[in-house]
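The structure appears below as structure tokens.
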2 protein chains.
Amino acid sequence: MNKAPYHHGDLRQTLIAAALAVVERGGAEALSLRELAESVGVSRAAPYRHFADRDELLACVAARGFEDLNVGYEAALASPGDGHARMRIASQVYIDFAERRPGLFKLMFESDLLARDQPPPVLIGPANHAYQLLWRAVAGADPTADEKTVKARTITMWSTVYGFLALDRARRFKPFMTQPLTRAEIVEAVITAATGV
Amino acid sequence: MNKAPYHHGDLRQTLIAAALAVVERGGAEALSLRELAESVGVSRAAPYRHFADRDELLACVAARGFEDLNVGYEAALASPGDGHARMRIASQVYIDFAERRPGLFKLMFESDLLARDQPPPVLIGPANHAYQLLWRAVAGADPTADEKTVKARTITMWSTVYGFLALDRARRFKPFMTQPLTRAEIVEAVITAATGV
DNA sequence: CGCAAATGTCAGCGCCGTCAACATCGAGTA
DNA sequence: TACTCGATGTTGACGGCGCTGACATTTGCG
């Protein structure tokens, strides 16, 4: 009988997966390391053999989030249609991600993980890749635009879609989400405004 | 000699003011009730005679923030120029507020205080007033627009400006904020995109 | 004056992240 | 095969947190 072996086997990956499940729904502040350790059947200090501290674990979770998002972006960029259509699809990928995994989305775009002088190393690659894919989607919609214009458009487009998602999640549009405007119409208006007609 | 009287005098207002100072810079998570109590010279439990819990104090701080923002909005709406110019000024008021008091801004627009089924009573009035003023600014820029259009425009405009501020504060635009694009140009591009040319 | 309500203090609960010291196990080598 | 050592997990403890209940002081009202 091999009940409760002393060593876990692959505690690091197990912790990331379990933390991801918690963060996806409840965000970073819903994650308790003690609770997490207990939930995977290990003592409270065990996680510290694999992560320097709570932030390092959260950085790994966020990195997974960026990787998943990038898969969606790649698909959007490879989809049929013209550049403008692909940019709309990329926006929809971002929106779907935010709505399906709100807590993870918040960790990725609201936390200060990437705001530091030295962001967590695991996070830099996936995050930069996401930026590049978004950039490519915007540039592909108008091949005649120069660098300056593409940068400005990327920022305004991202701002509009992200701002809508963040304010909507915080229920700040409650007073506006009434007849005669349906939610689907709002999302459509936001995508149209973001991608420029 | 009246050194250290047993009763503070106006602890409630003192606590709100001290909490506001902390939150303005560091956001809600930088606020420790124990630390706050000590900083104003009372015991750890004293704040609980004036606020049911931490959230109620934060709600009062956020309410102050909305009141201050509304003062700026009123000034923007009373400024000379046409409706479109006033909407641009209102956007600038919002941007200035976010840049001067980032932690307070975060508490007001990112926390879940207003997302609850029953938001804190002190917060409802000031927050709704802010919505109304923003609505008026957008409606004033195009008196011919119907309700549906005004709602959609308010949402997209607010989303664009807020999204830029939030992503910028989280340093998500780091890869884009390079030559040949200056920061002032970016802000101008965002305001232009938000207010519709 | 006397008493109750308002407002403060103190001790303590359970939670948290984190660390140091110790225990156990598995892999490589003499 | 036996030994050792590094990797990995456990236990106990520390300080900090929000919050509560019991108690102390002050103020204001009848």
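Every value quoted in this text rests on a predicted model; they were computed, and no experiment measured them. Chain letters run A, B, ... following the sequence lines, proteins first and then strands; every chain starts at 1.
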Next item on the list: Find the distance B:Arg34:CZ to C:dT9:P and express it as a whole number of Å.
Entry: 14 Å
Notebook entry, point to check: When we call it a touch if two heavy atoms are under 4.0 Å apart, what does A:Leu57 touch: a base, just sugar-phosphate, or nothing?
Noted result: nothing
Next item on the list: Answer with base, sugar-phosphate or nothing: what part of the nucleic acid does B:Leu36 contact at a heavy-atom distance below 4.0 Å?
Entry: nothing
Item checked: Spacing between A:Leu11 atom CG and C:dC25 atom C1', to the nearest angstrom -> 15 Å
Note to self: Looking at B:Arg172 and B:Ala170, would you say the former's side chain and the latter's main chain have a donor-acceptor pair under 3.5 Å?
What the structure shows: yes
Notebook entry, point to check: For DNA chain C, which residues in residues 44-56 of chain B have a heavy atom at a distance below 4.0 Å?
Noted result: B:Arg44, B:Ala45, B:Ala46, B:Arg49, B:His50
Next item on the list: Round to the nearest Å and state the distance from A:Leu15 atom CG to C:dG17 atom P.
Entry: 13 Å
Item checked: Under-4.0 Å side-chain N/O to phosphate OP1/OP2 contact, A:Ser32 with C:dG17 -> yes
Checklist line | Heavy-atom side-chain proximity of B:Phe176 to B:Leu181 below 4.5 angstrom | finding: no
Check: Quick check: does any side chain N or O of A:Arg86 sit under 3.5 Å from a backbone N or O of A:Gly81, one acting as donor and the other as acceptor?
Finding: yes
Check: Rounded to whole angstrom units, what separation is found between the CD atom of B:Glu29 and the P atom of D:dC17?
Finding: 14 Å
Checklist line | Criterion salt bridge (Lys or Arg N to Asp or Glu O under 4.0 Å) on B:Lys151 and A:Glu185, from CA distance to verdict | finding: CA-CA 11 Å; B:Lys151 279 188 178 176; A:Glu185 285 174 323; over 6 Å; no
Checklist line | Inter- and intrachain pairs under side-chain hydrogen bond (donor to acceptor under 3.5 Å, both in side chains), touching residues 51-68 of chain B, at least two apart | finding: B:Gln13-B:Arg64, B:Asp55-B:Arg116, B:Asp68-B:Arg101
Margin query: For A:Glu188, is there an ion pair with A:Arg88 - N to carboxylate O distance below 4.0 angstrom?
Written below: yes
Check: Within this structure, what is the CG-to-P distance between B:Leu31 and D:dC19, rounded to whole angstrom?
Finding: 11 Å
